[in-house]
Amino acid sequence: MYLPEPIVNLIDGFQRLPGIGAKTAQRLAFTILKMDDEDVADFAQALIQVKRDLKICTVCQNISDQDICDICQDKSRDTSIICVIQETKDLIAMERTREFNGLYHVLGGAISPIEGIGPEQLKIPSLLERLSDEKVKELILATNPNMEGEATAMYLSRLVKPFGIKVTRIAHGLPVGGDLEYADEVTLTKALEGRREV
Amino acid sequence: MHVTSLQLQQFRNIPELDLSCPEDLHLFVGANAQGKTNLLESLYMISLGKSHRARSLQECIRFGEQTAMIRTRTEARSKKNRLELKLLPKGRKIKKNGLEVAKLSQYIGTLPVVLFAPEDLQLVKGGPQVRRKFLDVEIGQISPAYVHHLTQLKNLLKERNQLLKNLSKNNTFPLTFLDVLDEQLIELSVSIWRKRIESLARLQEWAEEIHLSITKGEERLRIEYIPSVPIHAQMSEQDMKHVMLKSLEKVRKKEIILGNTLLGPHRDDFSLQQNKLDYHTFGSQGQQRTAALSLKLAELQLVKEAKGNFPVLLLDDVLSELDDSRKTHLLESIRGRVQTFVTATGLDGIDLQTQKQAVVYHVKNGHVTRA
């Protein structure tokens with residue numbers, strides 16, 4: 001099928017995004033064609049800006065439009081607790097709870113020899129720096145509850161031991177508000193293992 | 001457990017099949033290479049999500065076709081299920097009652113099967129990997145957590161072996177991370193050992209009784225787990241962990257040189273013996289075959305015990321290999337209780353009573369017709 005080059009380029013661009021196939025990319029490209037010039041210009045500007053103006057917070061490695069992100073600058077937050085997470089997405093999830101008032105540290109992934117990701121590839125050195133500088137009393141390890149996340153958490157706990165800081169791991173088991181009967185056997189077994197006295 | 005219908009599309013050499021099979025005993029008769037085993041394979045596959053003989057699932061798609069389909073209806077007491085397995089150019093899709101199954105550990109055990117084929121002689125004769133596979137399939141059908149642990153172990157070993165290889169090349173990976181993976185390996189190993197040792201003990205009880213009966217009281221079958229680490233059934237979990245930790249420390253240098261994990265459930269074995277003599281080394285061909293048969297019949301009982309129903313039994317070309325007394329024992333123990341699918345090259349050697357009870361089919365060039 002013949003299409004002019006500009007629209008082919010646009011379709012190719014959309015197809016690079018996750019979850020977008022050839023058909024969706026084409027539909028999106030033709031939608032752009034029908035949009036107001038001004039809206040398109042804003043959209044294009046946003047794409048360029050996100051790459052040009054966005055920075056990584058020098059303290060917690062979160063994305064930010066300043067050198068130090070809003071959370072790290074917030075005076076009302078408890079600087080004695082740091083919560084370690086894998087990705088920025090996880091930070092957003094934690095923030096949604098509105099229950100956590102400490103600071104974060106974004107690792108940028110989990111350790112996996114198969115993927116070629118070692119401690120060096122993650123933001124671990126900057127975490128250790130923070131632990132020696134700041135008055136941190138507790139480190140919460142909130143990496144994913146899968147094998148890589150678990151291994152990363154265990155590795156960090158060993159690494160942090162000499163600092164004499166309290167290290168905790170988030171709990172895993174049953175989802176809140178769910179029914180016991182619908183839980184799968186593996187999750188239920190985990191929940192049993194992690195039971196606590198009341 | 002009963003399979004009440006089986007439908008196949010483009011599966012191996014079978015272009016299309018629609019079989020209603022609520023009866024207890026089904027006998028597929030035909031010359032070699034006509035598709036008898038393919039029928040049993042399809043039942044095995046929809047039970048366990050994989051084949052007992054194909055290296056890749058895609059081997060099972062009929063030559064020149066893109067996809068293949070297996071559909072069954074099952075019934076246990078009054079519980080009915082519709083199962084569907086679709087083989088795609090890449091991977092497979094399993095549906096239970098119309099809903100896609102995301103995790104295999106959530107699915108396995110829906111339709112428990114036990115397959116007995118001539119190559120099961122390897123359970124006694126062959127290497128440790130054959131016996132490990134037997135244990136894993138058998139325990140997996142009754143414990144979803146076990147399947148989950150096995151998958152985790154598989155992934156962990158990949159990571160750990162890669163790490164060992166990196167360490168041997170003086171890569172920048174810190175040794176502390178190996179300690180972490182060791183801790184995970186120990187944790188997983190202990191849960192897998194617990195399950196294996198426990199299941200083998202139950203299997204031993206049944207197999208001993210069955211074996212005594214087949215050998216008319218002459219041979220007492222013993223099954224013994226042989227771990228790659230000096231642990232034993234009476235140990236507490238704490239002790240097992242301690243022993244494994246010490247053993248791993250001892251082999252660490254060697255592991256780094258070889259870039260391979262040398263200890264763990266993936267290196268274990270079990271032996272079948274009588275009077276302390278291993279059938280593997282000291283048994284005659286006939287004795288080995290009987291030991292394998294006893295083990296398989298014990299497996300039927302074990303699944304029954306755990307799930308409340310007998311599994312479906314698949315007998316692939318084994319009747320011709322057994323002598324009359326063993327054959328009688330086998331057929332007696334399943335009669336009227338276990339739904340069974342049998343393949344054979346001919347009806348000779350199958351007693352008249354069995355023939356009368358069975359639904360007989362002729363299999364020719366991928367086509368199945370009721371006799």
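Numbers restart at 1 for each chain; the letters A, B, ... are given by sequence-line order, proteins then strands. These numbers come from the heavy atoms of this one structure, side chains and all, not from hydrogens, waters or symmetry mates.
Counting only residues at least two apart or in different chains, salt bridge (Lys or Arg N to Asp or Glu O under 4.0 Å) contacts with residues 83-100 of chain A comprise Arg77(A)-Glu95(A).
Note that CE of Met154(A) and CG of Asp179(B) are 9.5 Å apart. Values are rounded to the nearest 0.5 Å. The CG atom of Leu156(A) lies 11.0 Å from the OG1 atom of Thr176(B); values are rounded to the nearest 0.5 Å.
Atom CD of Glu187(B) has 12 or fewer neighbouring heavy atoms from other residues, nucleotides or ligands inside a 6.0 Å radius. For CG of Asp37(A), the number of neighbouring non-hydrogen atoms (other residues, nucleotides, ligands) closer than 6.0 Å is 12 at most. Taking a 6.0 Å sphere around NE2 of His232(B), one finds it holds more than 12 heavy atoms contributed by other residues, nucleotides or ligands. Within 6.0 Å of CD on Glu5(A) lie no more than 12 heavy atoms contributed by other residues, nucleotides or ligands. Shown here is Lys307(B), whose NZ atom has more than 12 heavy atoms of other residues, nucleotides or ligands within 6.0 Å. Atom CD of Gln66(B) has 12 or fewer neighbouring heavy atoms from other residues, nucleotides or ligands inside a 6.0 Å radius. By the 6.0 Å contact criterion, CZ on Arg73(B) is open, its count of non-hydrogen atoms from other residues, nucleotides or ligands being 12 or less. For CZ of Phe43(A), the number of neighbouring non-hydrogen atoms (other residues, nucleotides, ligands) closer than 6.0 Å is 12 at most.
Within residues 93-103 of chain B, no residue has any heavy atom closer than 4.5 Å to a heavy atom of chain A. Applying a 4.5 Å heavy-atom cutoff, the residues of residues 138-162 of chain B that approach chain A are Pro144(B), Ala145(B), His148(B), Gln152(B), Asn155(B), Leu156(B), Lys158(B), Glu159(B), Gln162(B). Of all residues spanning residues 63-72 of chain A, none has a heavy atom less than 4.5 Å away from chain B's heavy atoms.
For chain A, the nearby parts of Leu163(B) are the backbone and the side chain; heavy atoms of each come within less than 4.5 Å. Residue contact with chain A, scored on non-hydrogen atoms closer than 4.5 Å, involves the side chain of Gln106(B) exclusively. Residue contact with chain B, scored on non-hydrogen atoms closer than 4.5 Å, involves the backbone and the side chain of Glu150(A) alike.
The two residues Ala151(A) and Val180(B) have their closest heavy-atom pair at O-CG1, 3.3 Å. Contact record, Pro113(A) with Phe173(B): CA-CZ, 3.9 Å, taken as the closest heavy-atom pair.
In terms of non-hydrogen atom pairs under 4.5 Å with chain B, the most contact-rich of Ser112(A), Gly118(A), Gly116(A) is Ser112(A).
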